[in-house]
Amino acid sequence: MPELPEVETTCRGIEPHLLNRRLTGAIVRQSRLRWPVPRGLSKKISGQTIHAVERRAKYILIKLEQGTILLHLGMSGSLRITPTDTPPEKHDHIDLQLDSGQCLRLRDPRRFGSLHWVSGDAMQHALLKNLGPEPLSDQFDIDYLFKKSRKRKLAIKLFIMDSKVIVGVGNIYASEALFRAGIRPTRAAGRVTRNEYENLVQAIKDVLAAAIRSGGTTLQDFTNSEGKPGYFQQELHVYSRADEACHTCGTPIKHRVMGQRASYYCPICQH
DNA sequence: ATCGCCTCCTGCGCGC
DNA sequence: TGCGCGCAGGAGGCGA
């Protein structure tokens with residue numbers, strides 16, 4: 001379940017293998033992902049040099065001379081760099097072949113991931129143009145989140161998971177950030193105070209930055225690696241800890257479903 | 001505009 | 001021990 005820190009780590013891991021390399025083709029073994037993989041992908045990308053590898057939200061942008069490959073890892077996707085002649089394993093759906101003899105291989109058992117081809121300005125793509133700010137950017141600050149939240153009745157947890165509000169806060173980090181900030185996930189976003197948002201913004205930034213740091217240190221090389229650093233490297237205070245003792249006060253952690261998603265909180269520490 | 005619910009898919013955990 | 005059932009999960013899309 002790649003969250004933003006894992007996507008960021010993945011980007012950094014694959015970038016050195018891709019930058020300034022020429023694509024020689026693509027193999028699509030399974031085109032039924034979250035959205036159909038575009039037909040004729042190989043033709044579109046062949047011969048093009050990779051100019052940049054970037055991340056926006058949880059999307060990975062592989063920028064070519066003419067156009068951009070837009071990747072999303074869904075919840076079970078992973079990327080690796082491997083020699084093109086390495087036999088694909090189960091769920092290895094797509095290879096992007098490089099002139100180095102290696103390929104970028106997408107594995108995604110649950111197929112919630114996606115690959116789009118964007119011929120024009122990638123940021124104007126429907127999936128990207130309405131996204132909120134990056135959580136680690138300066139645009140994401142107390143004023144922004146506080147103003148955005150006024151009159152919103154949506155639960156604060158669902159509010160911070162809304163990609164139009166802010167990107168990259170997945171289910172795990174939403175619970176963890178709210179615990180750090182001492183806010184109950186069920187509170188209406190519009191009723192959370194400015195002071196609480198101050199704590200929450202900091203908590204979101206801290207928790208994501210810490211995860212990226214731990215990901216960055218564990219990952220030496222994406223060749224043959226699983227590329228799965230991230231949240232499970234750091235201590236989780238509430239996520240997946242139903243009925244276990246709160247690390248702060250010892251009270252059993254509560255579990256409830258919000259928006260068809262598991263939520264966890266301490267009934268004492270979070271108000 | 002806002003919100004809740006549905007959907008895609010498979011591995012895994014749980015219960016018997 | 002082995003089997004089968006049902007759930008989890010990112011996020012767009014749609015209906016209310």
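Every chain is numbered from 1 and lettered A, B, ... according to where its sequence line falls, protein lines coming before strand lines. Nothing here was measured: the structure is a model prediction, and the numbers come from that model.
Side-chain atoms of A:T193 and A:E196 form a donor-acceptor pair, as typed in the model, at a separation below 3.5 Å. There is a side-chain donor-acceptor pair under 3.5 Å between A:S76 and A:D108.
Applying the ring pair (Phe, Tyr, Trp, His ring centres under 6.0 Å) test to pairs two or more places apart or on separate chains, none has a residue in residues 184-205 of chain A. Annotation: ring pair (Phe, Tyr, Trp, His ring centres under 6.0 Å) contacts involving residues 53-78 of chain A, sequence neighbours excluded, comprise A:Y59-A:H72. For residues 118-133 of chain A, there are no side-chain hydrogen bond (donor to acceptor under 3.5 Å, both in side chains) pairs, not counting sequence neighbours. Residue pairs meeting the ring pair (Phe, Tyr, Trp, His ring centres under 6.0 Å) criterion with at least one partner in residues 29-57 of chain A, sequence neighbours excluded, are A:W35-A:H116.
Remark: A:D138 engages no residue in a side-chain hydrogen bond (donor to acceptor under 3.5 Å, both in side chains) (not counting sequence neighbours). Shown here are the salt bridge (Lys or Arg N to Asp or Glu O under 4.0 Å) partners of A:R34, two or more places apart in sequence or in another chain: there are none. Every residue meeting the ring-ring contact (aromatic ring centres under 6.0 Å, His included) condition with A:H237, not counting sequence neighbours, appears here in chain and number order: A:F179, A:H247.
Within 4.0 Å (heavy atoms only), A:Y59 reaches sugar-phosphate atoms of the nucleic acid but no base atom. Residue contacts for A:A262: at a heavy-atom cut-off of 4.0 Å it reaches the sugar-phosphate backbone alone, with no base atom in range.
Rounded to an integer number of Å, the gap from NE2 of A:H116 to C1' of C:dG12 is 10 Å. Distance A:R152 CZ to B:dG4 C1': 13 Å, rounded to the nearest Å. Nucleotide C:dG10 holds its C1' atom 13 Å from the CG atom of A:L158, rounded to whole Å. In this structure, A:L73 atom CG and C:dG9 atom P are separated by 17 Å, rounded to whole Å. Rounding to whole angstrom units, CG of residue A:N171 and C1' of C:dA8 are separated by 9 Å. When rounded to the nearest whole Å, the span between CG of A:L71 and P of C:dA11 equals 14 Å. Straight-line distance from the CD1 atom of A:I172 to the P atom of C:dA8: 14 Å, rounded to whole Å. Between A:H255 atom NE2 and C:dC7 atom P the separation is 12 Å, expressed in whole Å.
In this structure, A:Q97 CD and A:C103 SG are separated by 6.5 Å, a value rounded to the nearest 0.5 Å.
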Under 4.0 Å protein heavy-atom contacts per nucleotide of nucleotides 7-12 of chain B, with B for base, S for backbone only and - for none = -BBBB-

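Axis deviation across the helix from B:dT2-C:dA16 to B:dC16-C:dG2 amounts to 50°, comparing end segments of five pairs, rounded to 10 degrees.
A:R111 places a side-chain heavy atom less than 4.5 Å from the side chain of A:Q30.
Listed here is the closest heavy atom pair of A:K205 and A:L136: O-CD2, 3.6 Å.
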Protein-nucleotides 14-16 of chain C N/O pairs closer than 3.5 Å?
none

Check nucleotides 4-6 of chain C against the protein and report each pair of N or O atoms closer than 3.5 Å, with its distance, or say if there are none.
none

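For the pair A:E8 and A:R12, the salt-bridge criterion is met [side-chain N within less than 4.0 Å of a carboxylate O].
Contact annotation: A:K153 side-chain N/O to B:dT2 OP1/OP2 distance is not under 4.0 Å. When the side-chain nitrogen and oxygen atoms of A:H72 are compared with OP1 and OP2 of C:dG10, none of them lie within a distance under 4.0 Å.
Other residues sharing a hydrophobic cluster with A:Y265 under the 4.5 Å side-chain heavy-atom criterion for ILVMFWY residues do not exist; the residue is a singleton.
Of all nucleotides listed (B:dG4, C:dG12, C:dG10), C:dG12 comes nearest to the side chain of A:S163.
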